[in-house]
Amino acid sequence: MSRGGGTESVARPPSNGQHTKERCGHFQMPLHYPRFTRGDYESMPEWKLDCLLKEYGLPITGNLEQKRNFAMGAFLWPN
C-alpha cells in the first residue's frame, strides 16, 4: 500500500536536459499588465501592436484599425 499521496502514478518525462518550454508550450503570461493610454494605442505602429498582442497570446489578425480596437478593448479599463 502506497502512502505517498498517489504521486507515484504521476508520469514524468525523462530528464534529458531539455528546457521545460517544450513540455509547456510557447506562451508565458507577462508579469505586468500593459500601461498604455488610448492615445498610445491610437498612435502605436502596427509592428508594436503585433508584438504586444503576441506577447499576451492574443490574435494578431486584421488590419491596423482592427488590431488597435482589439488592443484597446482588451487592455483599457472603462472610465
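All values below were derived from every heavy atom in this structure, side-chain atoms included, with hydrogens, water molecules and symmetry-related copies excluded.
To the nearest 0.5 Å, atoms OG (S43) and CZ (R38) are separated by 12.5 Å. Atom CZ of residue F70 and atom CG of residue L53 lie 6.5 Å apart, to the nearest 0.5 angstrom. Note that CE of M72 and OG1 of T37 are 10.0 Å apart. Values are rounded to the nearest 0.5 Å. Rounded to the nearest 0.5 Å, atoms CG (N69) and CG (N63) are 9.0 Å apart. Atoms CD and CD1, on E55 and I60 in that order, are 12.5 Å from each other to the nearest 0.5 Å. Note that the CH2 atom of W47 and the CG atom of L52 stand 11.0 Å from one another [nearest 0.5 Å].
When every heavy atom of F75 is checked against every heavy atom of Y41, the shortest pair comes out as CB-OH, 3.1 Å. Between D40 and R35 the shortest heavy-atom distance is OD2-O, 4.5 Å.
For E42, there are no salt bridge (charged side-chain N to carboxylate O under 4.0 Å, His left out) partners two or more places apart in sequence or in a different chain.
Residue pairs meeting the salt bridge (charged side-chain N to carboxylate O under 4.0 Å, His left out) criterion with at least one partner in residues 57-68, sequence neighbours excluded, are E46-K67, D50-K67.
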